[in-house]
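Reviewing the structure listed below.
Whatever order the structure lists them in is the order used to number ligands and atoms, beginning at 1.
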Amino acid sequence: MNHSQNLKYQALVGMSKTQLESFAVSLGEQSYRGRQLFDWLYHQKKDTIDEMTDLPARFRNQVKNSAIVHPLIQVAQSDSGSKRTKKFLFQLQNGNQIESVLMKDGSRNTICLSTQVGCAVNCDFCATATMGFVQNLSIGEIVDQFLQLKKLSFGPINNVVFMGMGEPLLNYKNVIAAADLLHDPDGINMGSKRITISTAGIISKIKQFSIEAHKYKLAISLNASNQEQRIRIMPISATQPLDELISVARNYTLENKTRVTFEYVLMKDINEKIEDAQRLLVMLSSINCKLNVIPYNKTGRDYVRPKDENIQSFLSILEKAPFPVTVRWSKGVEIDAGCGQLVTRTK
Ligand code: SAH
């Protein structure tokens with residue numbers, strides 16, 4: 001089936017086992033044909049229906065006449081100088097575009113997925129925020145980024161992070177369903193702890209995630225050491241206050257007997273002081289957590305990365321922390337593929 005600018009075709013990638021079973025039945029086949037489709041799409045990762053050789057020719061034709069495999073079309077790729085980070089631009093059927101990133105670190109491969117076109121959260125330091133909110137991605141549009149990037153990576157994918165464009169927890173249903181598809185042992189089979197969902201801190205949704213006891217890892221973008229500071233750079237803190245966020249994060253770790261990751265984008269003159277590190281130490285010490293410090297990446301917005309020596313002094317205070325502290329030197333900043341640098345034009 002041909003893609004068209006005006007018509008939206010049903011895509012197979014994104015459908016669950018049950019949906020594929022019903023799809024097969026709707027074409028007059030038995031439901032196990034749907035499970036075969038599931039295997040071809042997510043386990044064997046085939047791109048065309050003709051490669052699905054154990055399906056009868058008649059059924060293959062029917063499928064081709066009523067659906068396409070991939071909901072996304074890759075329209076561009078940029079490689080970092082070292083070639084270890086690759087950024088991909090995909091187009092949705094309605095013409096809107098998203099970016100996804102493939103990162104190689106030694107033998108480890110990580111895929112960073114977008115969950116929305118644009119973002120409503122409006123963090124003042126993030127490039128995606130300049131787009132405003134455009135739309136949620138469907139389950140298929142999220143999972144298809146993985147399938148297409150996986151094809152282009154050398155070696156297995158060790159981690160999937162929902163840290164691209166958008167706020168995952170404001171597209172909760174589709175994000176969880178996409179994670180479930182990535183995790184399904186009959187399909188893509190990513191371990192649940194290899195899937196990380198990152199949020200700017202939507203309190204009610206963190207509660208829901210906690211109650212539903214999903215096994216995926218949760219990361220929270222903290223980015224500030226007190227409410228006053230946070231509200232200036234993350235206006236969402238007005239309705240999602242820091243003390244409540246911290247308490248809901250603590251409850252999540254207790255109820256699910258798991259660890260939470262806090263991300264902290266380090267910005268000059270904003271949140272880089274010794275006192276900030278000291279406040280973090282106090283705020284996070286009683287929580288089963290990990291702190292991931294991300295030196296700010298350039299976005300054309302009014303912020304700068306602290307001097308190396310200030311980053312070092314900040315980290316030295318945290319050496320006393322009872323929780324692990326890591327630094328994420330974002331990869332691919334030269335091609336704007338680092339954290340907070342993803343942005344596309346909308347149609
Ligand atoms: N909206 C979600 C998912 C995006 S993840 C969230 O906020 O968690 C993107 C990560 O990059 C977040 O931790 C965010 O705080 C961080 N980030 C945003 N802008 C950045 C920048 N300019 N430099 C470094 N990190 C940035």
For ligand 1, does Thr299 get within less than 4.0 Å through its side chain, its backbone, both, or neither, judged by non-hydrogen atoms?
side chain
Is Pro168 in polar range of ligand 1, meaning some N or O pair under 3.5 Å apart?
no
ILVMFWY cluster, Leu254 and Ile206 together (side-chain gap under 4.5 Å):
no
Identity and separation of the nearest protein heavy atom to atom 21 (C) of ligand 1
Cys339 O, 3.3 Å
Looking only at heavy atoms of Val121, does any of them come nearer than 4.0 Å to an atom of ligand 1?
no
Does some non-hydrogen atom of Gly201 fall short of 4.0 Å from ligand 1?
no
Presence of salt bridge, Arg58 and Glu29, under 4.0 angstrom:
yes
Numbering the atoms of ligand 1 from 1, which are under 4.0 Å from a heavy atom of Ile294?
24 (C), 25 (N)
Are more than 12 heavy atoms from other residues, nucleotides or ligands located less than 6.0 Å from atom NZ of Lys173?
no
Does some side-chain heavy atom of Gln227 sit less than 4.5 Å from a side-chain heavy atom of Pro241?
yes
Among all the protein's non-hydrogen atoms, which is closest to atom 4 (C) of ligand 1, and how far away is it?
Gly164 O, 3.6 Å
For ligand 1, does Asn223 get within less than 4.0 Å through its side chain, its backbone, both, or neither, judged by non-hydrogen atoms?
side chain
Salt bridge flag under 4.0 Å for residues Glu272 and Lys307:
no
So is Pro295 polar-close to ligand 1, meaning N/O to N/O under 3.5 Å?
no
For Cys126, the ligand 1 atoms whose distance to one of its heavy atoms is below 4.0 Å
18 (C), 19 (N)
Atom 19 (N) of ligand 1: which protein heavy atom is closest, and how many Å away?
Gly340 CA, 3.1 Å
Taking 4.0 angstrom as the limit and counting only heavy atoms of Phe125, give me the atoms of ligand 1 inside it, by number and element.
15 (O), 18 (C), 19 (N), 20 (C), 22 (N)
Once you round to the nearest 0.5 Å, how far does CZ of Arg279 lie from CE of Met283?
8.5 Å
Tell me, please: is Cys119 in heavy-atom contact with ligand 1, that is, under 4.0 Å?
no
Evaluate the ring planes of Phe209 and His214, with Trp represented by its six-membered ring, and classify them as parallel (under 30°), tilted (30 to 60°) or perpendicular (over 60°).
tilted
Under-4.0 Å heavy-atom contact with ligand 1, by part of Met163 that carries it
both
Of the protein's non-hydrogen atoms, which lies at the shortest distance from atom 17 (N) of ligand 1, and what is that distance?
Val265 CG2, 3.6 Å
shortest atom 23 (N) of ligand 1-to-protein heavy-atom contact is with Asn297 N, 2.9 Å
On the six-membered ring of Phe38, is Lys17 placed so that its NZ or CZ lies under 6.0 angstrom from the centre and within 45° of the ring axis?
yes
Could you tell me the separation between the CG atom of Leu170 and the CD1 atom of Ile236, rounded to the nearest 0.5 Å?
6.5 Å
Atom 7 (O) of ligand 1: which protein heavy atom is closest, and how many Å away?
Ser221 OG, 3.3 Å
Between Arg84 and Asp105 (salt bridge meaning N to carboxylate O under 4.0 Å), is one present in this structure?
no
Going by the closest heavy atom to atom 1 (N) of ligand 1, which one wins out of Ser114, Ser198, Gly166?
Gly166
Does Tyr216 reach the side chain of Thr196, with side-chain heavy atoms less than 4.5 Å apart?
no
Could you tell me whether Asp336 and Lys298 make a salt bridge, using a distance below 4.0 angstrom between a side-chain N and a carboxylate O?
no
Within 4.0 Å of some non-hydrogen atom of Tyr296, the atoms of ligand 1 are 21 (C), 22 (N), 23 (N)
